[in-house]
Amino acid sequence: MTEFPKAYEPQSIEQKWYPIWETLGYFQPTGPNRPYTIVIPPPNVTGSLHMGHALQHTLMDALSRCRRMQGRRVLWLPGQDHAGIATQVLVERQMKAEGLKRVELGREEFERRVWKWKEESGGTILRQMRREGASVDWTRERFTLDPDLSRAVREVFVRLHEEGLIYRGAYIVNWCPFDQTSLSDLEAPKREVKGHLWHIAYPIKGSSERIVVATTRPETMLGDTAVAVHPDDERFKHLIGATIALPLIGREIPVVGDETVEREFGTGAVKVTPAHDLSDFQIGQRHGLPHVVVIDQTGRMTVDAGERYAGLDRFEAREKIIEDLAAQGLLVKTEDYTHSVGHHDRCGTPIEPMISLQWFMNVKPLAEVALQAVRDGRTRFVPAVPWTRVYEDWMENIQPWCVSRQLWWGHRIPAWYCDNEHVTVSRVDPAECASCGSKALRQDEDVLDTWFSSALWPFSTLGWPDNTEDLRQFYPTNDLVTGYEIIFFWVARMMMMGLKFMNDVPFDTVLITGIVRDANGEKMSKMKGNIIDPLDQFDKFGTDAVRFALASMAVGSNDMTVQESKMESARNFANKIWNATRFVCMNLGDPKGQPAAKWVPSDALADRWIRVKLNSAIEQVTRAFEEYRFHEAAQTLYHFFWDDFCDWYIELSKPLVASGEDSPEVRNARERIAYVLETSLRLLHPLMPFITEELWQRLPHEGDSIMVAAFPIVETGLDEAKSREQMETLIALITKVRNIRSEKNIPLQSRVKLHLAVSDKDTAALVNENSHHVKRLARVEEIFIADRLPALEEAVRDVVGGIEVAVPLEGLIDPEKERARITKELVRKEGEARGLASKLDNLSFVERAPRDVVDQARNRHGELIAEIETLRSSLGKF
RNA sequence: GGGCGGUUAGCUCAGCGGUAGAGCAUCGGUCUUACAAACCGGGGGUCACUGGUUCGAUUCCAGUACCGCCCACCA
């Protein structure tokens with residue numbers, strides 16, 4: 001027999017199995033049955049594995065493995081995202097160390113360097129995924145910049161452009177002055193900033209009147225082209241149409257009336273800078289105001305800001321302008337003011353809203369379709385609350401998507417311009433302008449938002465725009481597992497693109513997970529330095545243990561805190577599985593050539609009971625996976641295996657299984673225990689793939705790998721209730737005796753006598769048939785069963801499950817203490833009985849409560865009364 | 001400004017219309033023929049607060065307090 005160490009050592013076993021599985025092709029979809037598909041959320045090529053991946057991959061792998069064992073044709077498709085800004089910035093930073101600059105290198109050379117970086121250093125995460133045990137099909141690995149996927153991107157861009165849904169125009173965008181690119185709204189989340197609200201007086205021309213405006217951004221005043229007031233505002237009504245001489249720069253600008261102005265806010269008058277603020281831009285559109293750009297792409301003031309300010313950083317300019325206004329007596333008031341300002345989510349730079357010529361996508365029409373698909377349940381979120389509504393709200397209020405980025409790493413926009421500024425958008429690089437035939441074409445310098453290609457992931461990875469076999473088979477995919485932080489970035493956009501180009505939803509179910517936080521409940525980040533590396537955890541506890549711990553914490557989309565204690569507990573569980581199998585193997589002999597164990601029918605209580613428990617574990621785990629309640633699956637497995645199987649069934653089986661004999665009875669007992677164990681391993685496999693494979697191979701089994709063995713199936717027609725009740729009674733009895741022993745400090749070696757009084761025949765028979773178990777597990781040398789307890793001088797008395805118990809313990813009984821103990825128990829039981837009695841006396845309870853609740857209360861009350869009686873009488877014995 | 005979530009044992013969290021559970025920690029006892037990463041036994045909670053619905057509320061509803069999250073063009 002193979003060597004069987006006393007403790008589970010994960011490392012070598014994990015290393016052994018993954019390559020075997022991969023080589024044997026188990027990760028590839030096979031078989032004639034219904035496909036089951038998951039596409040992985042493609043991690044950034046720059047990324048390395050973090051706990052969030054470990055969690056999500058565990059769930060995806062558990063689902064994949066479970067479905068695979070259930071016979072589905074499973075495809076879990078892996079891949080990576082080119083991660084535009086992240087990657088470009090990273091490579092630029094590396095180049096900087098060598099004294100190289102991107103612009104000096106030129107576009108082609110830079111791109112070459114990024115590809116080189118990708119080949120050498122990218123894809124760390126893919127290697128790490130092997131350690132997770134992720135059963136992804138590596139033969140179908142994809143990268144968003146693969147030629148096929150790039151072709152899909154172009155196809156989508158061109159088609160949307162043809163339909164007028166993608167267009168080029170000058171609008172206000174979120175501009176990052178640090179990275180010098182435009183951003184989508186999602187990449188520019190608002191952050192609270194403590195600032196000021198400055199009240200500035202603008203003099204009215206040809207009048208002594210002034211109009212005071214309030215602003216948080218005085219530097220933009222140099223670009224003001226109007227002041228707006230509410231048209232019905234009595235304070236300012238008469239000034240509409242008047243002309244203002246803009247301070248510091250002297251430009252003449254009008255006062256306009258606009259209904260969006262809040263009369264209550266600030267001074268009720270707003271300075272309007274159409275080139276640097278979205279709402280001002282819109283006011284400008286309504287009133288035909290000119291745009292004066294005063295801040296450039298680097299965040300510095302332009303020449304149009306006037307020579308006094310030109311070249312200054314926007315924040316330096318702010319201070320200088322405030323000083324200058326104060327000096328001229330135009331600064332009326334300065335208030336502290338906290339407001340929200342967009343910041344680039346990657347670099348943290350405050351966004352500069354800026355008018356800019358960019359490519360946009362009108363997503364509204366696609367959003368309506370995507371909204372409908374969720375409303376009528378073609379795609380559903382799990383948990384449905386709150387994510388369905390979060391998704392719907394966003395889709396309902398969706399704004400045009402700025403898709404162009406001023407970067408070099410990404411899908412270059414397939415638009416070409418001739419000298420006449422005609423635009424040619426084309427699937428293939430055009431030779432001439434589509435409008436004028438000019439051969440002097442230059443391609444748009446910009447690339448697409450990274451998320452543009454991610455949005456196509458569920459079909460671009462399967463071969464679209466070609467109608468491939470994979471596409472027909474695996475689209476739509478089944479489950480998408482991802483975090484709530486990218487519902488808008490990714491999930492929503494896949495929905496829109498999938499429905500638009502495949503005419504079907506990209507996935508049936510979106511499983512939203514929570515965030516894995518550190519032990520203090522804080523979000524992990526490189527900045528904070530509180531990252532917990534899953535690989536360290538794998539080293540420390542074993543991959544299966546970490547997977548199991550993560551799954552056991554995955555409740556809905558709740559965030560979770562990493563708990564070392566959970567990891568330890570899961571590691572101990574793995575060790576428990578190891579040793580239980582070790583025990584069974586020690587008694588089975590060589591598994592080679594032995595067929596897989598079958599259940600040998602038995603009337604013995606323990607056998608009937610474990611079968612019921614196993615069956616209900618199968619039922620619960622199966623349902624838990626179906627309903628994505630991973631913590632419930634983990635919990636069921638843990639308690640079934642440890643409490644029921646190890647603590648009771650193995651212990652009860654030992655006399656036969658470990659007897660060393662070779663009788664039919666013993667062989668059958670061994671077969672049964674092997675059966676339960678082997679089935680349990682299959683049930684555990686989706687969450688703990690490595691250890692279950694290793695142990696399964698050491699047991700008699702059929703087939704080459706547990707990966708492709710059948711997932712356990714629920715049986716029907718077992719004598720559920722009776723077996724459970726009887727076993728519960730037996731367990732309660734044994735526990736009671738152990739309890740008495742423990743309280744009286746009876747050493748393990750000394751056996752006690754046990755007197756039982758049982759009134760009903762069934763219970764008497766039950767105890768009789770299982771008395772050898774009671775003797776062994778409660779360390780009892782002799783059991784006396786009668787209708788009534790005999791008179792005993794010195795004994796501990798108690799009652800459990802309708803059985804009167806007495807343990808004679810000469811010289812160890814302190815009557816006072818016994819009396820106190822029993823009295824305490826009496827008080828508790830009497831209290832409970834009183835509560836039940838008053839409930840049962842309550843007519844409306846008896847009439848309105850469900851029948852079984854009333855019956856249950858009645859039975860419990862009866863039991864209590866009997867037990868109280870018994871306790872009272874034993875009280876008299878002291 | 002709008003929306004959402006949380007508050008349960010010392011800690012981290014499940015659960016739920018019928019007087020509460022887990023893991024860890026804690027206390028006591030064990031080398032009992034798989035496992036000390038184990039075994040056996042025990043203690044510990046007025047389920048944030050206030051009302052309401054109900055025969056019955058930790059669970060449903062409303063409000064309060066504290067903590068947290070998301071969305072938003074009041075400058």
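FYI, side chains are in, hydrogens and waters are out, and symmetry mates aren't considered; it's all heavy atoms of this structure. So that the names make sense, note that chain A is the first sequence line, chain B the second, and so on, each numbered from 1.
- In this structure, A:K654 satisfies the cation-pi test against A:F583, with its NZ or CZ atom closer than 6.0 Å to the six-membered ring centre and inside 45 degrees of the ring normal.
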What string of B, S and - do you get for nucleotides 14-30 of chain B, 5' to 3', if B is base contact, S is sugar-phosphate-only contact and - is no contact with any protein heavy atom under 4.0 Å?
SS--BB--SBS---B-S

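- A gap of 9 Å separates the C1' atoms of B:U32 and B:C40, to the nearest Å.
- In this structure, the side chain to side chain contact (heavy atoms under 4.5 Å, CB included) partners of A:R860, at least two apart in sequence or on a different chain, are A:E832, A:L836, A:E863, A:L864.
- Among the duplex regions that RNA chain B forms, those built from at least three successive Watson-Crick or G-U pairs under 3.5 Å are B:1-7 with B:65-71, B:10-13 with B:21-24, B:26-30 with B:38-42, B:48-52 with B:60-64, ordered by first number.
- Side chain of A:N579, nearest nucleotide from B:C4, B:A34, B:G41: B:A34.
- The side chain to side chain contact (heavy atoms under 4.5 Å, CB included) check on A:N572 picks up A:W642, with sequence neighbours excluded.
- Annotation: side-chain hydrogen bond (donor to acceptor under 3.5 Å, both in side chains) contacts involving residues 384-398 of chain A, sequence neighbours excluded, comprise A:R375-A:E396, A:W387-A:S557.
- A donor-acceptor pair under 3.5 Å links the side-chain atoms of A:D544 to the main chain of A:I691, judged by distance alone.
- Of the side-chain N and O atoms in A:R571, none sit less than 4.0 angstrom from OP1 or OP2 of B:A37.
- We find that A:E568 and A:R571 are not joined by a salt bridge, their nearest charged nitrogen and carboxylate oxygen being 4.0 Å or further apart.
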Tabulated below should be each protein N or O lying under 3.5 Å from an N or O of nucleotides 69-73 of chain B; please produce it.
unit_1: B:A72; atom_1: N6; unit_2: A:S340; atom_2: OG; d: 3.1

